[in-house]
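Everything numeric in this text was worked out from a predicted model, so none of it was measured. Each chain gets a letter, A, B and so on, in the order the sequences are listed, and its residues count up from 1.
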Protein chains: 2
Amino acid sequence: MSPQDAAAETALTGRGEQTRRLILETALRLFKERGYDETTMRLIAETAGVSLGNAYYYFRSKEHLIQAYYARSNEEHVAALETALGRERTLAGRLRVFIRTKIDTSEAYHRFAGQLFRTAADPESPLNPFSDASSAVREAAIGVLARVVDGSDAKVPADLRAELPRLLWMWEMGVILYWIHDRSEGRARTRKLADRTAELVAKLVAIASNPLMRPLRKMALELIEDVR
Amino acid sequence: MSPQDAAAETALTGRGEQTRRLILETALRLFKERGYDETTMRLIAETAGVSLGNAYYYFRSKEHLIQAYYARSNEEHVAALETALGRERTLAGRLRVFIRTKIDTSEAYHRFAGQLFRTAADPESPLNPFSDASSAVREAAIGVLARVVDGSDAKVPADLRAELPRLLWMWEMGVILYWIHDRSEGRARTRKLADRTAELVAKLVAIASNPLMRPLRKMALELIEDVR
DNA sequence: GTCTATAACCGGATAGAC
DNA sequence: GTCTATCCGGTTATAGAC
């Protein structure tokens, strides 16, 4: 069993676990401070006080250090979301809170995320959000959206309700894509996009839930299922 | 004036133009045959029979060789589209032809496109389809879509008509994103997605063109304008 | 001023000794 | 489990040839 696999398990006590944590925390700090490209593996090793080879012993590649970022970013988002959601019950309101907290908790990593995205976009990369390797993180994020929908007072037909979290996840990915490219002060443009698409999406859900829209809705949902 | 700039101009006759072409054709061939990562700058230079330094004299970086791919891919698509469009007049039909020819003409570059996408996803990269540097290629592609719409018999209100080509370009990007990740035989899944979203998009355009949808349409169009 | 070649540098990744 | 020595490929510096 490689240390990479072992890390996925319990052990905070393991022999090398100390070293592993040290390397990981050092890397995340440097990524945040200096960005991805500027943080070389040599620098991470040096700063952590271990050898280059040793860093590679614990992390198969530089990319593997990023998995930790995903997980951490998700945790921070969920925590912020729980408190911010309060007793908001409209779908539009809940979606707005969801996407705003996502933007807020990601802000510190904006620069890093841009460079990261380059790697994540590679279809061969396990970091790519559509990959099998990312399915755990992806399904977790979709699960969060399912709770956002289920906690709302929106009346959504069962067929749409089943697919809606996945569709909303794609909306989230779209907003993130925009955010990554957003150079505006305080990410103002992304915030505008986020708020207004949250409203728009809620309206579309309402329209799509109308019985008159059933044929079109069926067509779209079948397509999604087929193509997934 | 650097040779990179000069190349953008007329000269097929210039003294180094021969060398430039040779390097470019060699690179495109190798990219297609072996993929992007496997085609090293050293290999390109060697295969073309020039020195490594010489290759860098003509192309500032490996990425710059890709600009040529964009242009070529577009040319091939437009050519195929013109003949395939025939006298198709329905919007759904024209969109289907558009997207099918795109998939067909891109197929030879599938592997290459995946690796390319990694670089293109970087917000800092001039290759990124949303960047200023790509605006010429992007606007050309949007122009093609405007012709696809204008040649159809669909009745589209002026406000939507103005934005539609840009929206369709985003649809195209989405399909390409899916295509890049598509490992299915003969890219069957992308073809299904393409055909069926073409139909769906045409239906959505019809619905959005309905006077009853005017408020929602306005809302969406204003959002797009604000956020562009 | 136009072009070509050689020798480096730098950072991700690996091999293998201890 | 940790290290040192190396490889490999993108990129740059630079010396000069035509």
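- Of all the heavy atoms in B:Trp179 and B:Thr190, the pair that sits closest is CA-OG1, 3.4 Å.
- B:Gln18 places its CD atom 11 Å from the P atom of C:dT4, with the value rounded to the nearest Å.
- Distances shown here put every side-chain N or O of B:Thr40 at or beyond 4.0 Å from the OP1 or OP2 atom of D:dG9.
- Out of C:dG11, C:dT14, D:dG10, the shortest distance to the side chain of B:Lys62 is found at D:dG10.
- C:dG11 atom P lies 21 Å from atom CZ of A:Phe59, rounded to whole Å.
- Whole-Å rounding puts the B:Met41 CE to D:dC8 P distance at 19 Å.
- D:dC3 atom C1' lies 15 Å from atom CD of A:Glu46, rounded to whole Å.
- For the pair A:Asn54 and D:dG1, the criterion of a side-chain N or O lying under 4.0 Å from OP1 or OP2 is not met.
- As a whole-Å value, the separation of A:His64 NE2 from C:dG12 C1' is 14 Å.
- Neither OP1 nor OP2 of C:dA5 sits under 4.0 Å from any side-chain N or O of B:Tyr57.
- In terms of phosphate contacts, B:Tyr58 brings a side-chain nitrogen or oxygen within less than 4.0 Å of OP1 or OP2 of C:dT4.
- Note on A:Glu225 versus A:Arg166: no salt bridge recorded, every NZ/NE/NH1/NH2 to OD/OE distance being 4.0 Å or above.
- Of the listed nucleotides (D:dT2, C:dG12, D:dG10), C:dG12 has the atom at the smallest distance from the side chain of A:Tyr56.
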Report all interatomic pairs (protein N or O, nucleotide N or O of nucleotides 13-18 of chain D) with separations under 3.5 Å.
none

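- Atom-to-atom, OH of A:Tyr36 to P of C:dG11 comes out at 14 Å; the value is rounded to the nearest Å.
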Check step by step if salt bridge (charged side-chain N to carboxylate O under 4.0 Å, His left out) holds for A:Glu107 and A:Arg187.
-> CA-CA 9 Å; A:Glu107 184 54 33; A:Arg187 239 54 78 188; 2.6 Å; yes
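- Protein atom CG of A:Leu52 is 8 Å distant from nucleotide atom C1' of C:dG12, rounded to whole Å.
- Here the side chain of A:Arg42 is nearest to one of C:dA13, D:dT11, D:dT2, namely C:dA13.
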Start with the C-alpha distance between B:Arg111 and B:Glu33, add both sets of side-chain angles, then the distance that settles side chain to side chain contact (heavy atoms under 4.5 Å, CB included), and finish with yes or no.
-> CA-CA 9 Å; B:Arg111 179 156 159 234; B:Glu33 285 172 13; over 6 Å; no
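- No hydrogens or angles considered: nothing links the side chains of B:His77 and B:Asp104 as a donor-acceptor pair under 3.5 Å.
- Atom-to-atom, CD of A:Glu63 to C1' of C:dA13 comes out at 12 Å; the value is rounded to the nearest Å.
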Solution key, residues 41-50 of chain A side-chain donor-acceptor pairs under 3.5 Å, sequence neighbours excluded:
from, atom 1, to, atom 2, distance (Å)
A:Thr47, OG1, A:Leu43, O, 2.7

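- One side chain, A:Thr197 or A:Trp171, offers a donor N or O that lies under 3.5 Å from an acceptor on the other.
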